[in-house]
Protein chains: 2
Amino acid sequence: MNDQKQFHELFPNLEEGLYEELMQYGDIKEVPAGTALLKAGQTIRSTMLVLDGIVKLYQEDDEGNEFFMYNLQQGQACAVSMICTYQQEKSQVTAKAMTDVVLLTIPLEYMDKWLSKYKSWHYFVIKTYRSRYEELLKTINEIAFKNMDERLEFYLKKQVKQFGKHVKLTHQEIATDLNSSREVISRLMKKMERNGWIIINRNSFEWIKD
Amino acid sequence: MNDQKQFHELFPNLEEGLYEELMQYGDIKEVPAGTALLKAGQTIRSTMLVLDGIVKLYQEDDEGNEFFMYNLQQGQACAVSMICTYQQEKSQVTAKAMTDVVLLTIPLEYMDKWLSKYKSWHYFVIKTYRSRYEELLKTINEIAFKNMDERLEFYLKKQVKQFGKHVKLTHQEIATDLNSSREVISRLMKKMERNGWIIINRNSFEWIKD
DNA sequence: CTCTATCGGTGATTATGGTTACTTACAAAA
DNA sequence: TTTTGTAAGTAACCATAATCACCGATAGAG
C-alpha cells in the first residue's frame, strides 16, 4: 500500500503496531493552501502530523500583528497541538497551510493511549518538543540580538531552504512575517540585490548568493 | 523524613515507587547564589529539579550579550537539561543560581528508565516541556510586539511575583536581562517612579502599584 | 572621616527602523 | 488598448532606544 510505505519513510523508527494504529485511527486530511489549521484562542482536539506540504506557525497579537515562528514540513509534527491537546488547552499560536497540505490528524485519546503503549511514540513526541523548542530558541536569538538586515537574511535563507532558490513571497508578506513594514523590507532587499545576493522579481525573488 | 515530605509537596502526583527512586538515585546538591549551572555549548549529563531557590535561564550571544528567558523555582524542572540530556546534546542556553539553590540532579540513564516505568514521570516531563514552551512563546510575544517600557513592566512584574514586592536588582542587571542599556532602564524606571508604580532604592526597588 | 568604587540621573547626539506620501512598473480584466 | 489593482521603489520625516559624556549620591574600605 502506497500510503503505508510513504508513511514509513516520513516517520521512521516507529513500532509496527503503531504504524497500524496510526493508519487505523488517524484521519488523513487534504487541505488547500491558505487554510487556517489552528487559530489563537481555539481549543484543540487533535494532533497533526504533516505528510505533505508546508505549514506555517506564527504568533498573532491583539492588534492583528503577526510574527513568524517556524514552518513544519513533511515528517514533522505540531508540538503546539500536542501540548494543547494534552489538557485541552487553548492555542497561543496560529497555523496556516502555505501550500496544499496533507495531514494525519490524531484524536486526543490516542495521543495518551499510545504514550504508554508504544515507546517509539513517546520518543517521537519528545523529539517533536525538543526540535520545536530549539526553533524557538533560535528565533529568540535572532530577534533579541540582531538587526533587521540580519534577521531578514536569516529569514530568507530559511525560506530558500524550504522552497528552493526561487521563493514566491511579496515584500508585504515578508514584512508581515517579521513584524516590520513593507518599505523597510523593500529597502533592505534592494540593498541585497545591489550586493548580488538576490534577484528581485514581482511577487518573488531568487537567491543567488553562495 | 523531612526531605521526603517536602518533596511530595513540591512534586505532587508522582507514583510512590518513583518518589523512592528519586530519593535513592537522585543527587541533592546545594549551590550558592551566582553558580553557573549550565553553560551554552556545554554537554549535559543530568536533569535538574529545583527543590529550593531560583534559577535563571538566559540566552547568551557570541559578543557576551545576554537575554533573560525565565526563572525556575521550587517544584519546577529544567526543560533544557531534559531536552539535551536525551541525546547528549549541547545546551544553547545558560542557567545560573540567583539565590542559594537546592537541586535534585538525575543521571541521564534514569530519565529514560523512568519514562517507561512510571506514567507519572512521563506526565511530569511532558508538563515541564509544555510550560517552558509556553514561557518562550510569551517571551517572543513581548519582544516581537512590545516597546521597551511595556517589556520592562512585564519583566519587573515577573520578578516581583518571584521575589516579592522588594526586588534586589541594579539597573545594570535589569538592562542586561533585557539586552538594553543602563541609561534606558534608569530613565524608564524613573518615569515609573514618578507615576507612583515603584520606589527606587540603591540596588533595589519596591513595587507599589496595584 | 575621607577616599574610592559603584550606582543612578540626565542631557545631547546618533542610529535604526517605522511612517507618510508619492511614484513607477507590471499584469490581468474590461 | 485602456483601465484598474497590486507590487515595488524612494525620499522625507519621525519615534524609539542606544550611545556618549558627565554629574551627583551613597556605601564600604581604609
Side-chain angles (χ1 to χ4, degrees), chain A residues 33-34 61-68 141-156 159 166-208, chain B residues 33-34 61-68 141-156 159 166-208:
Chain A
D61 80 350
D62 350 298
E63 281 112 41
N65 298 307
E66 295 184 8
F67 184 80
F68 173 76
N141 221 288
E142 284 296 305
I143 193 173
F145 301 128
K146 310 233 172 112
N147 286 347
M148 208 58 217
D149 52 351
E150 291 179 282
R151 287 179 50 206
L152 177 60
E153 187 188 339
F154 179 81
Y155 171 89
L156 294 183
Q159 303 304 318
H166 201 85
V167 180
K168 214 185 148 304
L169 282 173
T170 65
H171 295 184
Q172 182 56 66
E173 288 170 325
I174 295 168
T176 303
D177 276 355
L178 294 172
N179 192 39
S180 177
S181 63
R182 205 250 324 147
E183 295 89 329
V184 171
I185 300 302
S186 284
R187 265 201 288 264
L188 292 173
M189 285 184 73
K190 202 70 208 168
K191 200 158 77 183
M192 290 171 102
E193 190 176 48
R194 277 195 288 266
N195 290 338
W197 297 14
I198 57 172
I199 293 165
I200 296 173
N201 302 304
R202 192 185 169 86
N203 293 312
S204 72
F205 70 91
E206 193 183 345
W207 188 266
I208 53 173
Chain B
D61 80 349
D62 352 297
E63 280 112 42
N65 299 307
E66 295 184 8
F67 185 79
F68 173 77
N141 222 287
E142 284 296 306
I143 194 172
F145 300 129
K146 309 232 172 115
N147 287 348
M148 209 56 217
D149 52 351
E150 292 178 281
R151 285 178 51 205
L152 177 60
E153 188 188 340
F154 180 82
Y155 171 88
L156 294 182
Q159 303 304 317
H166 201 86
V167 180
K168 213 184 150 305
L169 283 173
T170 65
H171 294 184
Q172 182 56 66
E173 288 169 325
I174 296 168
T176 303
D177 276 355
L178 294 172
N179 193 39
S180 176
S181 64
R182 206 251 323 146
E183 296 90 323
V184 171
I185 300 302
S186 284
R187 267 200 279 269
L188 290 173
M189 284 184 73
K190 201 71 207 168
K191 200 159 77 181
M192 290 170 102
E193 191 176 46
R194 279 194 287 268
N195 291 338
W197 296 15
I198 58 172
I199 295 168
I200 297 173
N201 302 303
R202 192 184 170 84
N203 292 314
S204 72
F205 70 91
E206 192 182 344
W207 188 266
I208 52 172

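Chain identifiers are assigned alphabetically (A, B, ...) following the order of the sequence lines, protein sequences preceding nucleic acid strands; residue numbering begins at 1 within each chain.
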query = For the side chain of R202(B), counting heavy atoms from C-beta on, which of dA27(D), dT10(D), dG9(C) is nearest?
reply = dA27(D)

message = Heavy atoms from C-beta onward define the side chain here; which of dG18(C), dT19(D), dG9(C) lies closest to that of R182(B)?
response = dG9(C)

key: side-chain contact (heavy atoms from CB on, under 4.5 Å) assessment of W197(A) paired with E153(A)   = CA-CA 10 Å; W197(A) 297 14; E153(A) 187 188 339; 3.5 Å; yes

request  = Mind calculating the distance between CG (N179(A)) and P (dG18(C)) to the nearest angstrom?
outcome  = 8 Å

request  = Tell me which nucleotide among dT19(C), dT19(D), dG9(D) gets nearest to the side chain of E183(B).
outcome  = dT19(D)

message = If I take atom CG in residue L152(A) and atom C1' in nucleotide dG18(C), what distance separates them, rounded to the nearest angstrom?
response = 15 Å

ask   = dA18(D) P sits how many Å from N147(A) CG, rounded?
value = 11 Å

request  = Describe the nucleic acid contact of T170(B) in one word from base, sugar-phosphate, nothing, applying a heavy-atom distance below 4.0 Å.
outcome  = sugar-phosphate

Rounded distance (Å) that lies between atom P of dT16(C) and atom CE of M148(B) = 18 Å

request  = For side-chain contact (heavy atoms from CB on, under 4.5 Å), just list the numbers for R182(A) and T170(A), CA-CA rounded to whole Å, side-chain angles, deciding distance to a tenth of an Å, and then say yes or no.
outcome  = CA-CA 9 Å; R182(A) 205 250 324 147; T170(A) 65; over 6 Å; no

query = Counting side-chain heavy atoms from C-beta on, which of dT19(D), dT10(D), dG9(C) comes nearest to R187(B)?
reply = dT19(D)

remark   = Side-chain atoms of I200(A) come closest, of dA18(D), dT19(C), dG9(D), to dG9(D)

message = Looking only at the side chain of V184(A) (C-beta and beyond, no hydrogens), which of the listed nucleotides dT19(C), dA5(C), dT10(D) gets closest?
response = dT19(C)

dG18(C) OP1/OP2 closer than 4.0 Å to side-chain N/O of S180(A) = yes

task = Please state how far atom CD1 in I185(B) lies from atom C1' in dT16(D), giving the value in whole angstrom units.
result = 13 Å

ask   = Could you give the NZ-to-C1' distance, from K191(B) to dG11(C), as a whole number of Å?
value = 16 Å

query = Measuring from K168(A):NZ to Q159(A):CD, what's the distance to the nearest 0.5 Å?
reply = 13.0 Å

ask   = Would one find a side-chain N or O of H171(B) under 4.0 angstrom from OP1 or OP2 of dT6(C)?
value = no

query = So, the side chain of N179(B) versus the backbone of A144(A): is there a donor-acceptor pair under 3.5 Å, distance only?
reply = yes

query = I143(A) CD1 to dG17(C) P: how many Å, rounded?
reply = 12 Å

key: Residues, nucleotides or ligands: over 12 heavy atoms within 6.0 Å of K146(B) NZ   = yes

Atom-to-atom span, CG of L169(A) to P of dA7(D) - whole angstrom = 12 Å

